[in-house]
Amino acid sequence: MAESIAFSRSADRETIYREIVPQLEALTSGEADVVANLANTAAVLKEAFGFFWVGFYLEKDGQLVLGPFQGPLACTRINFDQGVCGHAYTTKETVIVPNVDEFPDHIACSSDARSEIVVPIRGANGTILGVLDVDSDRLNDFTETDRKGLEAVVRIVERFTQSHTNSERIE
Ligand code: SME
C-alpha cells in the first residue's frame, strides 16, 4: 500500500482533485476496513488542500455522529434538522455555504469556521449513510470546483462503504 500521496503543491484545486482521486481509489480499494478508509480519506484531503477541518458525520440511531476527521475538536452529534450537515443529509444534496454566519442553523463547532461545503454519502438503496463536511477559516472558500472534486471523492467513499457492508449503516 502506498504510504504517501503525490500532488502538485502549487497547482490549482481542480488539478489537485484530478491528481488525488485516482490515488484515493487505489489506497482504499486495497483495504476493507471502512473506518481506516474514512480516516485516510480525511488525511489525504487535509494534506492536499490544508482545509481547516475535514471529516465525516455518520448516521447512527437517528443522528449524525462524528466519524474520522482532521482538524480541531468537533461537535459529536448533530440532529437531522440542525446545521449544514443536517441540511445536506435531509435534502440529499451537496450544500455550499459561503458565509456560515448567514446560514440560519449553522452549528458553530469552531468560531474560526467561515465557510463550508457538505456532501451527502449515499447507501446502496439511495438512503444517506452520512456526510463529508469540509470547513474553511476563510469566507467564500468553496466553488463548483470543490463540489465536483469532493463529489468525486464521495463516489469513492460510497464504493468502499457499499461494497463492505450489507447494512445501511457504517460501523
Ligand atoms: N459546521 C457543521 C457542524 C460540524 S463542524 O463544523 C465540524 C454544521 O453546521 O453542520
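All values reported here derive from a predicted model rather than from experimental measurement. When a ligand or atom number is given, it counts from 1 through the structure's own listing order.
- The ring of F7 has its center no closer than 6.0 angstrom to the ring center of F49.
- Of the N or O atoms in G86, none lie within a sub-3.5 Å distance of an N or O in ligand 1.
- The shortest N/O to N/O separation between D105 and ligand 1 does not fall below 3.5 Å.
- Of the protein's heavy atoms, C85 N, 2.7 Å lies nearest to atom 10 (O) of ligand 1.
- Of all protein heavy atoms, the one lying nearest to atom 6 (O) of ligand 1 is D135 OD2, 2.6 Å.
- Residue G83 has no nitrogen or oxygen atom sitting less than 3.5 Å from a nitrogen or oxygen atom of ligand 1, judged on distance alone.
- Considering backbone and side-chain N/O of E116, one or more are found under 3.5 Å from N/O of ligand 1.
- For H87, the side-chain hydrogen bond (donor to acceptor under 3.5 Å, both in side chains) criterion is met by no residue, not counting sequence neighbours.
- For atom 4 (C) of ligand 1, the nearest protein heavy atom (residue, atom name, distance) is D133 OD2, 3.3 Å.
- A salt bridge is absent between K148 and E14; no separation between the charged side-chain nitrogens and carboxylate oxygens falls under 4.0 Å.
- Taking the six-membered ring for Trp and thresholds of 30 and 60 degrees, F80 and Y89 have nearly parallel ring planes, at less than 30 degrees apart.
- Of all heavy-atom pairs between K92 and G126, the closest is NZ-O, 3.5 Å.
- Of the charged side-chain nitrogens involved, at least one lies within less than 4.0 Å of a carboxylate oxygen, so that R13 and D141 count as a salt-bridged pair.
- Annotation: atom 5 (S) of ligand 1 to nearest protein heavy atom, C109 SG, 3.2 Å.
- With respect to atom 9 (O) of ligand 1, the closest heavy atom belonging to the protein is I107 N, 3.0 Å.
- Under the 4.0 angstrom criterion for non-hydrogen atoms, Y57 is in contact with ligand 1.
- Residue pairs meeting the disulfide bond (SG atoms under 2.5 Å apart) criterion with at least one partner in residues 111-162, sequence neighbours excluded, do not occur; the list is empty.
- One distance of note links CZ of R122 with OG1 of T161; it measures 12.0 Å at 0.5 Å rounding.
- Within ligand 1, the atoms closer than 4.0 Å to a non-hydrogen atom of W53 are 7 (C), numbered from 1 in the order shown.
- Any N or O atom pair closer than 3.5 Å counts here, and V84 shares at least one such pair with ligand 1.
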